[in-house]
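By convention in this document, chain letters (A, B, ...) are assigned in the order of the sequence lines, proteins followed by strands, and residues within each chain are numbered from 1.
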Amino acid sequence: MDLMPTASEEAFRSAARAWLAVNVPDQPRPTEVSAAAAYDVAWQRKLFDHGWAGVSWPKEHGGLGLSLTEQVVWFEESTRARAPQPGANFIGLSHAGPTLIALASEEQKAHHLPRILRADSIWCQGFSEPNAGSDLAGLRTRAVVDGNELVVTGQKVWTSFAVHAQYQELLVRTSSEGDKHRGISWVIGDMRLPGIEIRPIVTMDQMAHFCEVFYNDVRIPIENVVGGLNNGWAVALANLGFERATALTAAQIELAQQVEDLIMLARETTDASGRALIEDDDIRRCLAQCRADVMALRAMTYGIVSRLARVPIPGPEGSMVRLYFTQLVQRVQRLAMDVIADGALDLDFKGTEGRDWVRNFLLSFKDTISGGTKDIQRNIIAGRILGLPRS
Amino acid sequence: MDLMPTASEEAFRSAARAWLAVNVPDQPRPTEVSAAAAYDVAWQRKLFDHGWAGVSWPKEHGGLGLSLTEQVVWFEESTRARAPQPGANFIGLSHAGPTLIALASEEQKAHHLPRILRADSIWCQGFSEPNAGSDLAGLRTRAVVDGNELVVTGQKVWTSFAVHAQYQELLVRTSSEGDKHRGISWVIGDMRLPGIEIRPIVTMDQMAHFCEVFYNDVRIPIENVVGGLNNGWAVALANLGFERATALTAAQIELAQQVEDLIMLARETTDASGRALIEDDDIRRCLAQCRADVMALRAMTYGIVSRLARVPIPGPEGSMVRLYFTQLVQRVQRLAMDVIADGALDLDFKGTEGRDWVRNFLLSFKDTISGGTKDIQRNIIAGRILGLPRS
Amino acid sequence: MDLLPNDDEMALTDVVRRYLSDRAPVTAAPPAPPTPEMWKEWGELGWFGLAAPLEFGGGGQGIAQETLVFRELGRVLLGGPLVATVVAAQVALAAGDQQLAVSIIAGERQVAFAHSGPSGITLIDGACASHCLEIGDHAAVLRSVDVAELVERPCADLSVTLHVGSPGPTVCEVALDHYDARSHALVLVSAALVGMAEATLEQSSSYAKVREQYGKPIGAYQAVSHRCADMATRADLAAMQTSLAGLSLDARTPDAAMQAVTAYLAALDAGVANAADNIQNHGGIGFTIEHPAYRYATRASVLSRLVVTKRAALDLLLPPV
Amino acid sequence: MDLLPNDDEMALTDVVRRYLSDRAPVTAAPPAPPTPEMWKEWGELGWFGLAAPLEFGGGGQGIAQETLVFRELGRVLLGGPLVATVVAAQVALAAGDQQLAVSIIAGERQVAFAHSGPSGITLIDGACASHCLEIGDHAAVLRSVDVAELVERPCADLSVTLHVGSPGPTVCEVALDHYDARSHALVLVSAALVGMAEATLEQSSSYAKVREQYGKPIGAYQAVSHRCADMATRADLAAMQTSLAGLSLDARTPDAAMQAVTAYLAALDAGVANAADNIQNHGGIGFTIEHPAYRYATRASVLSRLVVTKRAALDLLLPPV
């Protein structure tokens, strides 16, 4: 056990803090999805141009070659400075990128990794299907080998930034024989290919965060398969492991900041009788509990980083972080509705630092569903960590 | 829908209130189990002698022949007057009695029902076994027919007042062929028969509320079978229905009173800084929530009574009452530990009206287990009320 | 004591339910606010004065019967300022303005709830309202309002409108001691929330029987089925308490106001938690605007701020010392 | 930043765990309070001064390492005033009473927590204590105490003793600004609760694999397996936060006190909720005194009142204005 940062971690933190202090954009991220994507791309490109992109990515692919600890330091400092989150670049930076680093050919890495870091190409995910949600391995989007091409037919859903993405990490069924977990392949899909149709889906916060994607005889070069034909389940699991481990770190740190913003708001807001909300013991303790919870969440994430420093393969522990984090988000956002009081009716209500409290609250309903429902996370914890029998 | 009591209900309430006002014993129920049982018997006999026993029982068996509504009125008034609860007579009055009324022979009724009402005989339950808890139908205590006797061998557990009881409602396996639900019989067992051994089990409140009962070739007359040989599962289900419907009403009303006692205690108790606990918005709202919850529980129970007035067979709705009630008890008892503060460490701490707050708290751990765990109640609600498929 | 509907009351429920399933079934897209014509029709159906005396066009029944109607209205998330309009008619009657009461009961006017704040009033669902109703700690105040002069804001529930600005002059004011507008409003809100809790339970329960994952209906998994069992328990608790509260108000029992607040707390919990659980049970589709599930969550959020908040309700039940 | 034990620290954990499984395994029956001989032995094992300087008989390590030991002590519900004794040694050192500190560290004295109230002090687990420690809002006070002169009361945890009466004179007093006795105590209590949360998780998880109902191990039912998953999550959260808090106190970071309070809140939640869930998972046997499950619940109840209550801890994290 050790709290002390190394000299190089300290130096990295100071340098990051100094750079962020003068480079974080003044204007907040737009609410509308396309404008938000453009904003995310601009920020990521600025990071790349100034040498801050891909903190823990290998140097040979344009990253800084530092440790996961420094990656977390980056998230902490950039959230502290209220810098933009990865946003549209999330899948590229936290899903597809790490998977390519681990399993792709040198050619694929050379082509894609710098483009992800420079935000030249946005990536999206093509995993879930209407009938393959929790049961992801039940996916039916078919890819038939035709010469040196895969011909893809089917439908994906819950794809973020599909409209803006150049590439997709696409799971397709390349064999229907035997166990359903075999016969899946992980493919780099170009989103501009003929035969792809995209339909945005609006969520309850009235924004189009997701899309459905339809594939009609879409022809993808067979060399775009990563990790081997019919081996996509293992590739995808590694990928999910990355997500459940540290990819949510930035969002977690941001949540801590939101709690502090709420405490501020509770000091500034008065109730009908003119008393500041923070003077209400009940509201104050709810806020204190959230403050404790986001602090402990940070420790849990450090725990994951500590494990990864010993065994560099994400284990099922990430499911505990995700289970706790997503429920905590919902608790914080619900409390926010109490703190902003009558503002909770106003979809466009803005709080401290221009936060979209109401839309954040509405969007939080998805958190215990997307990326594996809370039920699925509990199944994973019970089965893979505790070794309980399957139901 | 109708709130207005009938004239006879009103008259019953006034008469009950007047009688209780002068007849409730001054001394509180003893904590120790044997002394408590004696206290319960004395009270029940007094009720019988003064014509208050068996409010909703048929007149021909010594009851008052009134409706379930009057039974609830009785519970309300007697709790309001802080009269003793049924206690040791609970199984007789709320389980075995109603089952006998519904299914026993005239001879059995004539013998047992007045004795239950007069507290001449305490009854206990012999359902659960070490390996048949939630899966009650998996019970293995065997009864072999030998002439006109059943020879019983096996073991029961979680039997309250086994030491004090004269009779037991006993479930035994009389056939091991076919479905496990068939081949069970419901038998009137005399607890003083040779071959019965009783071992008290101490629970975490340090009291012996339960016993294990061992049967070594215990010979029971075959005419003691109620509802027909191998038909005991149906008899037991009806019995459980009674329990889950209104048998807990008295305990529910008492819980409401405990909440009021806690509110009183929170007004009287000060924290380290000398402030009354009730002035803490957080504690006050927790108490208010409990007050609302016990009020709503009362409505839920009235709902059951209303249903029973239409269809006089307890349905699965009682499982909703039980699920809600047992979790609410735990919530109230936990809150009590916060209100009594440092008193929570003292096993013998007495609060308002001599309540054993700490022992009640400790005993409340059993509530979501005994009488069907909360998981089982949810299974029943999901399966029998909502029609969801079995897991 | 009977908390379940009798034959007449069941017939009342049936009529409303059949009308709604025909004319205003719940949709995934937020419907437009009700037109004056629709409102008039609802007035003719008797929805705005069921508990008002017959002589003023009312139904001569009780608040208990109103709760049965409002359960149905809640079930399909019917739009418009229904609760405020019903209560406003009684406020007008209590204040002696019979003409206003009669026109409200007839469906000729909409009255919306308003909350005063530093920047004037916020009118909830008052797109077509001629008056607004504000229930304070001690009195209910009815004011005229000109919506055209107010500024519109987008509401978290897109089928509800929000307007901010200044109200017109006070039309009448009635002390809660005289007519307990708050309790009446709370019980009708509770009824709507009960209907919503029941509707979301039915949606989850139906979906759990047909949606399959891993080769089984999801209702066969306790993660789902036990969530549904909790939804059923909350809905039943809230329904029974709401009926009891309605009956208590009608009978003017000493504890009627407490019963109303308790109904609201139970129904709010059921409405909010069941809406969230229903979204969870539906998975991805549940949080999109392509399924009605989300509308129960946003509507519950609006209803939680229509009369009093949960904390304020708890404070009514056990006031600060 | 590394929250997991290194090789030396794992060896430390192993030694303690092996000693305890040999000498003080958890039992269903409440064990008697530790004798002075046992206490001396534990002092020789270094449990009372692991973070104290070597020159006073301490281990020269940190509070972080102490948390590893206390997790093990918590896991088997070891009896006696362990936390108060460790903290008292540091209070004595901070006050300059090195002789007292040395004797405490050596296991020659037991020091119990005391709470002042209107009727004097309540001594928790002080059956063999020579001193008592009270941590107030601003200072930690060490007093001598003569247990023979106090009145014994039965404790909700029968393996813990309670005594009520008057303490002796103050021996030393140290401001929390100077040595943060409260944070140190909270982190050690947290560690014990983490060990308890882990032990109850292990008990539930093992039992769920072997106990069968309806022909399947109960762990195959999500009602049970998901409860176990929540137990695991709570235990991990609390363990990581407790390690972080221990390291923060050792490094005297500006947020160390906040980290300690947070550790206590997370660990208290895990200790209390896991104990209750473990009883639930065991069914009937879980709430009897024939299985150790109940002892984790009663011990958690005691630990929740040993230093500060949950509400008081929240008030430290965001003080009343």
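Taking each heavy atom of D:Arg153 and B:Phe349 in turn, the nearest pair found is NH2-N, 4.4 Å. The nearest pair of heavy atoms linking D:Ile289 to B:Thr203 is CG2-O, 3.5 Å. For the residue pair D:Gly284 and B:Ile369, the shortest heavy atom distance occurs at N-CG2, 3.5 Å. Across all their heavy atoms, B:Gly133 and D:Arg211 have their closest contact at N-NH2, 4.2 Å. The two residues D:Ala156 and B:Ala344 come nearest to each other via the heavy atoms CB-O, 3.9 Å.
Chosen from D:Pro320, D:Pro118, D:Ala293, D:Pro154, the residue pairing most often with chain B at heavy-atom distances under 4.5 Å is D:Pro154. Between chain D and the options B:Asp205, B:Leu363, B:Ile283, B:Asp280, the largest number of non-hydrogen pairs under 4.5 Å is found for B:Ile283. Top candidate by heavy-atom pairs under 4.5 Å with chain D, chosen from B:Val358, B:Thr373, B:Asp348, is B:Asp348. Across B:Leu362, B:Asn131, B:Leu347, the residue that shares the most heavy-atom pairs under 4.5 angstrom with chain D is B:Leu347.
With a 4.5 angstrom heavy-atom cutoff, B:Ala272 does not touch chain D via any of its atoms. When heavy atoms are compared at a cutoff of 4.5 Å, D:Leu158 approaches chain B solely by way of its side chain, counted from C-beta outward. If you measure heavy-atom distances from D:Arg227 to chain B, the contacts under 4.5 Å come from the side chain alone. With a threshold of 4.5 angstrom between heavy atoms, B:Ala132 approaches chain D through N, CA, C or O but not through any side-chain atom.
Looking at B:Trp158 and D:Thr288, their side chains come closer than 4.5 Å, going by heavy atoms from C-beta outward.
Within 6.0 Å of CZ on B:Arg29 lie more than 12 heavy atoms contributed by other residues, nucleotides or ligands. Within 6.0 Å of atom NZ in D:Lys209, more than 12 heavy atoms from other residues, nucleotides or ligands are found, so the atom counts as buried in its surroundings. For CE of B:Met207, the number of neighbouring non-hydrogen atoms (other residues, nucleotides, ligands) closer than 6.0 Å is greater than 12.
Interatomic distance, SG of D:Cys155 versus CG of B:Asp346, reported as 8.0 Å (0.5 Å rounding). For the atom pair CZ of B:Arg334 and OG of D:Ser304, the computed distance is 11.5 Å after rounding to the nearest 0.5 Å. Annotation: the span from D:Arg305 atom CZ to B:Leu345 atom CG amounts to 6.0 Å, rounded to 0.5 Å.
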Problem - Criterion side chain to side chain contact (heavy atoms under 4.5 Å, CB included) on D:Ile279 and B:Met204, from CA distance to verdict - result: CA-CA 11 Å; D:Ile279 290 173; B:Met204 57 192 288; 3.9 Å; yes
Exercise for the section: For side chain to side chain contact (heavy atoms under 4.5 Å, CB included), just list the numbers for B:Asp342 and D:Thr122, CA-CA rounded to whole Å, side-chain angles, deciding distance to a tenth of an Å, and then say yes or no. Expected result: CA-CA 9 Å; B:Asp342 276 354; D:Thr122 302; 5.5 Å; no
Problem - Chi angles and distances behind the side chain to side chain contact (heavy atoms under 4.5 Å, CB included) call for B:Asn379, D:Tyr221 - result: CA-CA 11 Å; B:Asn379 278 351; D:Tyr221 297 98; 6.0 Å; no
Practice task
Determine, step by step, whether B:Lys180 and D:Tyr214 satisfy the side chain to side chain contact (heavy atoms under 4.5 Å, CB included) criterion, reporting the C-alpha distance in whole Å, the side-chain angles of both residues, the deciding distance to 0.1 Å, and the verdict.
Solution key: CA-CA 11 Å; B:Lys180 67 183 176 186; D:Tyr214 303 102; 4.0 Å; yes
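Remark: the backbone N or O of D:Gln213 is not paired with any side-chain donor or acceptor of B:Asp135 at under 3.5 angstrom.
Applying the salt bridge (Lys or Arg N to Asp or Glu O under 4.0 Å) test between D:Arg311 and each of B:Asp338, B:Asp271, B:Asp281 identifies B:Asp338 as the sole match.
Side-chain contact annotation: D:Gln280 with B:Thr368, donor-acceptor N/O pair under 3.5 Å present.
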